[in-house]
Amino acid sequence: MDFSMDHFRLDGKIALVTGAVYGIGFTIAQSLAAAGATIVFNNLTQESVDEGLKNYQAAGIKAHGYVCDVTDEAAVNEMVKTIEEEVGVIDILVNNAGIIKRIPMLEMSAADFRQVVDVDLNAPFIVSKAVLPSMIKKGHGKIINICSMMSELGRETVAGYAAAKGGLKMLTKNICAEFGEANIQCNGIGPGYIATPQTAPLREIQPDGSRHPFDQFIVAKTPAARWGEPVDLAGPAVFLASDASNFVNGHVLYVDGGILAYIGKQPE
């Protein structure tokens, strides 16, 4: 089969991006829509879903929003059934919904640890399991798990998050191993430090005119010498969702400006 740029198109495809009301998930959904996909998303409350619908409308995208807790298997199964009836079979799943709790390990309760693992690891398992039967029946499907640099590295205060994202990397590989023969590709995207409203306080210029200490730390650790922008995730997402990546499976694509390849600068 000859290659053409049409292999990057997603026309006629239905993409479910979990938790994609704003931030990274919203940007990924925008990129999939720009390539031709129909966007479906969920969030925990009707209020947040309505907020997402307004955001998509403002971006010129007709999206479909559903209220669903992705850690609730029965609710997820019902949502997927409803999506299939109202929109169509899901061709692309992006497991984007996630949380982080920055708590030193000795101060972190088992309940907090379990909650992070539930949202960041159990939920991708639950949603993937819900969409896989129809993907198998259709003979094709794409699952993209939003992993993290913490799928590879540890850091103070993120024991639950790193454990969950490390597990998500291995779930990605296992879905590849179990369903690759059904022409289903499961890959991950591991964002680096991305400039979003949530990280804005870490990039504020200090009263003396210097950069925030964490901002200095990240820029020094990144060969690209900058924070990523949400749009930096758009191309990788479209690639992994499209037929252009049909022989790419079980891979985590780190979009981190080179942090994971770099030992860091020698102290002066």
Side-chain angles (χ1 to χ4, degrees), residues 10-100 118-132 134-135 141-148 168 186-189 191 194 196-198 230-242 255:
L10 302 175
D11 302 287
K13 304 291 187 182
I14 296 168
L16 168 59
V17 187
T18 64
V21 169
Y22 52 79
I24 286 172
F26 181 76
T27 298
I28 288 174
Q30 276 187 297
S31 71
L32 301 182
T38 297
I39 301 301
V40 182
F41 72 99
N42 78 288
N43 219 307
L44 282 170
T45 67
Q46 187 63 55
E47 183 181 13
S48 61
V49 168
D50 290 342
E51 178 188 355
L53 290 170
K54 289 179 183 177
N55 291 340
Y56 285 103
Q57 186 176 22
I61 297 168
K62 185 182 185 305
H64 305 264
Y66 293 85
V67 178
C68 183
D69 177 353
V70 287
T71 68
D72 183 333
E73 187 170 16
V76 168
N77 289 339
E78 187 62 31
M79 176 183 70
V80 170
K81 180 183 175 184
T82 303
I83 292 169
E84 290 185 352
E85 292 171 350
E86 296 182 352
V87 187
V89 172
I90 296 162
D91 300 284
I92 301 156
L93 166 64
V94 182
N95 281 310
N96 165 75
I99 62 170
I100 187 170
D118 204 23
V119 176
D120 293 356
L121 180 56
N122 288 342
F125 166 79
I126 289 168
V127 185
S128 297
K129 184 182 172 188
V131 304
L132 276 163
S134 291
M135 287 182 173
K142 300 281 186 175
I143 297 175
I144 302 172
N145 292 324
I146 303 304
C147 296
S148 166
L168 187 58
C186 181
N187 294 287
I189 292 177
I194 306 297
T196 64
Q198 288 75 24
V231 72
D232 289 320
L233 301 168
V238 170
F239 169 64
L240 292 178
S242 73
V255 186

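We use all heavy atoms of the structure for the numbers below, so side chains are in, but hydrogens, waters and symmetry mates are not.
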**Q.** Qualifying residues under side-chain hydrogen bond (donor to acceptor under 3.5 Å, both in side chains), relative to Glu47, sequence neighbours excluded
**A.**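 Residues passing side-chain hydrogen bond (donor to acceptor under 3.5 Å, both in side chains) with Glu47: none at all.
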
(Q) Checking Thr38 now: which residues fulfil side-chain hydrogen bond (donor to acceptor under 3.5 Å, both in side chains) with it, not counting sequence neighbours? (A) none

Q) What do the steps show when you test Thr27 against Ile194 for side-chain contact (heavy atoms from CB on, under 4.5 Å), and what is the final call? A) CA-CA 12 Å; Thr27 298; Ile194 306 297; over 6 Å; no

Might you point out which heavy atoms bring [X] and [Y] nearest each other, and give the distance in Å?
X: Gly98; Y: Val119; result: CA-CG1, 3.8 Å
X: Val21; Y: Ser48; result: CG2-O, 3.5 Å
X: Pro230; Y: Thr196; result: CG-CG2, 4.2 Å
X: Gly25; Y: Val17; result: O-CG1, 3.8 Å
X: Met135; Y: Leu93; result: CE-N, 4.2 Å
X: Ile90; Y: Ile92; result: CG2-O, 3.3 Å

Q: Show your reasoning for whether side-chain contact (heavy atoms from CB on, under 4.5 Å) applies to Met79 and Ile83.
A: CA-CA 6 Å; Met79 176 183 70; Ile83 292 169; 3.7 Å; yes

Check whether any side-chain heavy atom of [X] sits under 4.5 Å from a side-chain heavy atom of [Y], and report yes or no.
X: Asn43; Y: Glu51; result: no
X: Ile39; Y: Leu32; result: yes
X: Asp120; Y: Ile99; result: yes

Q) Pick from Thr82, Val80, Leu16: which one makes a side chain to side chain contact (heavy atoms under 4.5 Å, CB included) with Tyr66? A)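 Result for side chain to side chain contact (heavy atoms under 4.5 Å, CB included) with Tyr66: Thr82.
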
**Q.** By ring pair (Phe, Tyr, Trp, His ring centres under 6.0 Å) - contacts of Tyr56 (at least two apart)
**A.** Phe26, Phe41

Q) Are there more than 12 heavy atoms of other residues, nucleotides or ligands under 6.0 Å from atom CD of Glu84? A)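 Enclosed.
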
Please list every donor-acceptor pair under 3.5 Å in which a side-chain atom of residues 141-148 meets a protein atom from a residue at least two apart or in another chain.
from: Lys142; atom 1: NZ; to: Gln185; atom 2: OE1; distance (Å): 2.9
from: Lys142; atom 1: NZ; to: Ser242; atom 2: O; distance (Å): 2.9
from: Lys142; atom 1: NZ; to: Ser245; atom 2: O; distance (Å): 3.4
from: Lys142; atom 1: NZ; to: Ser245; atom 2: OG; distance (Å): 3.0
from: Lys142; atom 1: NZ; to: Asn246; atom 2: OD1; distance (Å): 2.9
from: Asn145; atom 1: OD1; to: Asn95; atom 2: ND2; distance (Å): 2.8
from: Asn145; atom 1: ND2; to: Thr172; atom 2: OG1; distance (Å): 2.9
from: Ser148; atom 1: OG; to: Met150; atom 2: N; distance (Å): 2.8

Quick one: pull up [atom1] in [X] and [atom2] in [Y] and give me the separation to the nearest 0.5 Å.
X: Asp50; Y: Asn55; atom1: CG; atom2: CG; value: 11.0 Å
X: Asn96; Y: Ile189; atom1: CG; atom2: CD1; value: 10.0 Å
X: Leu233; Y: Gln30; atom1: CG; atom2: CD; value: 12.0 Å
X: Ile24; Y: Asp232; atom1: CD1; atom2: CG; value: 10.5 Å

Q | Test item: Ser128 side-chain N/O and Phe125 main-chain N/O as donor-acceptor pair under 3.5 Å | A | no

Q. Which pairs count as salt bridge (charged side-chain N to carboxylate O under 4.0 Å, His left out) when at least one residue sits in residues 57-76, sequence neighbours excluded?
A.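 Qualifying pairs, neighbours excluded: Glu73-Lys129.
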
(Q) Suppose we screen for side chain to side chain contact (heavy atoms under 4.5 Å, CB included). Which residues come up paired with Ala97, at least two apart in sequence or across chains? (A)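 By the side chain to side chain contact (heavy atoms under 4.5 Å, CB included) rule, Ala97 matches Thr18, Val70.
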
